[in-house]
Protein chains: 2
Amino acid sequence: MEQTRRAARRPTISDVATAAGVSRAAVSKVLRDAYGVSEEMRSRVHRAIEELDYRPSTAARALRGTTSTIGVMLPLFRTSFFDDVLAGAVEELETSSYQLILAPVDSAHASGRRALEALSDRQVDGIVALSPLVEPTWLESFATRTALVELGRHDPSARYDTVVGDDVRGAELVMEHLLALGHRRVLHVTHHDPDLAHLSRTPPALRRATYEKAMTNAGLAEHIEVLETSFDDRRAAEALRVALEAGSRPSAVFAGNDDAALGVLRTLAEAGGRHGLSPRTVSVCGYDDTKMASHPLIGLTSVDQDGAAMGRLATRMLLERIAGREQPRHEVIQPRLVVRSSSREVDPGA
Amino acid sequence: MEQTRRAARRPTISDVATAAGVSRAAVSKVLRDAYGVSEEMRSRVHRAIEELDYRPSTAARALRGTTSTIGVMLPLFRTSFFDDVLAGAVEELETSSYQLILAPVDSAHASGRRALEALSDRQVDGIVALSPLVEPTWLESFATRTALVELGRHDPSARYDTVVGDDVRGAELVMEHLLALGHRRVLHVTHHDPDLAHLSRTPPALRRATYEKAMTNAGLAEHIEVLETSFDDRRAAEALRVALEAGSRPSAVFAGNDDAALGVLRTLAEAGGRHGLSPRTVSVCGYDDTKMASHPLIGLTSVDQDGAAMGRLATRMLLERIAGREQPRHEVIQPRLVVRSSSREVDPGA
DNA sequence: CTGAAAGCGCTAACAC
DNA sequence: GTGTTAGCGCTTTCAG
């Protein structure tokens with residue numbers, strides 16, 4: 001068999017038709033299991049497909065209609081929570097005939113729009129996205145063209161669906177827990193993004209507001225202390241280091257997500273001693289219950305909002321929408337507190 | 001402005017042409033910055049594009065030629081090493097005009113072929129893949145149609161490029177380190193996949209073979225003990241638990257990757273005590289130097305093979321190939337041992 | 001049950 | 001400098 005050096009042209013539906021001695025339309029019908037093909041023809045065509053190693057071109061199909069592909073857009077900024085969401089989406093799609101393509105977004109940058117459009121340019125039949133930076137009005141208009149399910153948005157929309165964790169409830173669970181353990185000097189670590197600063201209903205903003213409210217309600221307003229940093233191990237660690245240097249002495253830390261919590265533990269382990277603190281004397285809580293939280297060497301108390309379930313649900317909703325549903329859906333996932341060894345009663349010596 | 005309820009048809013190049021009062025070809029030229037358009041026409045066209053919110057269809061372009069998109073295929077089975085690779089690829093593409101789409105692969109399943117084909121069906125201009133399960137012969141033929149760079153393959157190919165870490169050297173670094181610390185009962189944890197069992201040149205297989213050779217060379221052949229499990233926290237933990245139950249008493253563990261190493265630490269922390277072992281008495285080494293390895297609460301000695309650099313390099317090589325390079329390249333990345341607190345001299349009391 | 005033909009949105013000759 | 005036109009590979013009426 002002759003092996004050409006360079007890129008043998010991909011066989012097309014015409015090649016298959018010729019090889020099988022039938023028309024292109026016939027091949028197309030076999031391909032799509034359409035009505036009206038004789039058994040004999042079907043097998044002839046299948047044989048030709050095998051022989052030529054033919055694969056239909058998605059691009060050509062896209063030009064005519066749908067692609068059987070859904071797009072997922074997640075920040076590359078990946079905490080394992082996003083992995084869980086993605087895994088859920090993949091799982092949900094396994095039983096369907098849909099393909100999944102993923103558009104990674106470099107940073108939390110405004111590139112969210114670009115990524116959504118890129119996906120849409122590729123004629124995906126629908127999109128599951130986590131794009132907090134894109135404005136609702138823009139999304140509304142985008143969603144008139146492409147079926148869309150947004151993750152992490154607390155405000156429902158008439159045009160797209162939403163799946164979101166109950167961040168207020170989750171944060172309440174954490175605060176009730178810490179206050180019940182006797183803590184008064186509870187520090188909160190939040191994700192601060194200048195582009196996001198004007199939004200009050202993002203998950204980080206709601207967790208923070210709930211923290212502040214809980215502190216105030218407990219008569220601890222004077223102990224409110226918020227570290228504005230990033231949901232990122234290194235940055236959160238650095239922020240806490242600076243705060244400790246400046247004299248901050250929390251007995252407990254509520255970190256807005258697990259990555260930040262890991263950073264908190266990092267600093268407590270590395271530099272805490274210098275200030276009389278350590279992972280064993282400070283109670284730390286995270287959010288998302290990522291894989292590392294459950295590691296016994298970490299043992300991080302965290303809020304589980306089941307990313308995989310969110311991914312599955314969002315995908316299922318998207319398929320519904322593609323199938324024609326018009327009424328928007330807004331689903332709120334109930335969080336659950338998972339208590340581990342990083343939780344401890346307030347140190348009486350402090 | 002009227003807002004239609006359902007999916008307004010996407011504007012096409014013809015709509016733009018009509019709106020701007022020019023021909024479609026003219027619009028196409030403006031779009032592609034082609035030669036031969038007057039300033040005035042250019043601005044008229046741009047204005048029309050703005051107004052209609054026109055975006056060219058990738059599918060239609062694909063039908064004519066290239067898509068300016070490269071595909072990345074990585075096992076979903078994501079250890080953060082893959083994240084690093086992906087981040088490297090994204091970074092490399094930022095300065096180019098290429099888009100990136102990602103095909104997640106459910107498990108280490110034979111679905112690798114499917115994912116590669118799916119990408120190819122979408123007319124990506126090239127692919128960076130990590131697909132150990134796909135046979136070289138199949139890849140060779142696939143690569144005649146689509147530019148391809150494979151990660152983690154030790155055998156060069158004439159048709160596709162390869163980027164791989166020097167697993168033999170990396171494993172040697174680990175073994176030299178452990179033996180120098182005085183360890184004799186060194187256990188190895190490897191990734192065992194029935195579908196992969198016949199391959200002797202995969203990264204896990206080479207790490208394992210190097211372990212066995214190092215043990216033999218050190219006169220410790222009788223202490224060779226290999227746990228065949230998965231490069232996965234939970235599974236590795238379970239495998240070690242069983243081994244300890246069965247009487248295994250290693251003084252050091254060389255885990256084939258960091259996830260497995262985390263599993264080892266998990267079991268040592270949870271169940272080790274029952275057998276007189278703990279994370280503090282057993283020296284543990286991993287591979288990949290993932291983010292968690294550097295956390296002070298983990299402090300895992302590991303082999304850094306710089307996933308981000310691999311991702312960048314692979315992507316750069318792919319672009320070269322797309323640009324026309326014919327000679328295959330095979331690049332080997334040199335690993336580096338990063339020693340942390342999980343390394344310790346052999347416990348004299350044992 | 002099968003085939004001919006139109007057209008999806010775009011690009012690239014080529015003609016004007 | 002600008003417009004016409006012929007496909008790219010596929011699906012889908014509509015005749016035969």
### Query
In B/S/- notation, 5' to 3', how is nucleotides 11-16 of chain D contacted by protein heavy atoms closer than 4.0 Å?
BB----

### Atom-to-atom span, CZ of A:R44 to P of C:dC1 - whole angstrom
15 Å

### Task
Sequence neighbours left out, what passes side chain to side chain contact (heavy atoms under 4.5 Å, CB included) with A:R316? Give chain and number order.
A:E92, A:R312, A:L313

### Message
For a quick test of reading the model: is some side-chain N or O of A:S38 closer than 4.0 Å to OP1 or OP2 of C:dT2?
### Response
yes

### Message
Run the ring pair (Phe, Tyr, Trp, His ring centres under 6.0 Å) test against B:Y98 and tell me which residues pass, sequence neighbours left out.
### Response
none

### Verdict with reasoning, B:E135 to B:R113, per salt bridge (charged side-chain N to carboxylate O under 4.0 Å, His left out)
CA-CA 9 Å; B:E135 313 76 32; B:R113 270 152 83 141; 3.0 Å; yes

### Query
Hey, is A:R114 close enough to A:E117 for a salt bridge, meaning N to O under 4.0 Å?
no

#### Entry: Spacing of A:R122 atom CZ relative to C:dG9 atom P, expressed in whole Å
17 Å

### Task
Could you check how far CD of A:Q123 sits from P of D:dC10, rounded to whole Å?
16 Å

### Task
Taking the side chain as every heavy atom from C-beta outward, state whether B:L130 and B:P75 have any atom pair closer than 4.5 Å.
yes

### Task
Please determine if a side-chain N or O atom of B:T12 lies less than 4.0 Å away from the OP1 or OP2 oxygen of C:dG9.
no

### Task
Report the distance from atom CD1 of B:I49 to atom C1' of C:dG9, rounded to the nearest whole Å.
14 Å

### Summary
Sorted by position of nearest nucleotide on DNA chain D, 5' first, the leading residue of B:A26 and B:L63 is B:A26

### Task
Round to a whole Å and report the spacing from CZ of A:R55 to C1' of D:dC10.
15 Å

### Message
As an exercise, state the distance from CG of B:L31 to CZ of B:R55, rounded to the nearest 0.5 Å.
### Response
10.0 Å

### Query
Think A:S57 has a side-chain N or O under 4.0 angstrom from the OP1 or OP2 of D:dG9?
no

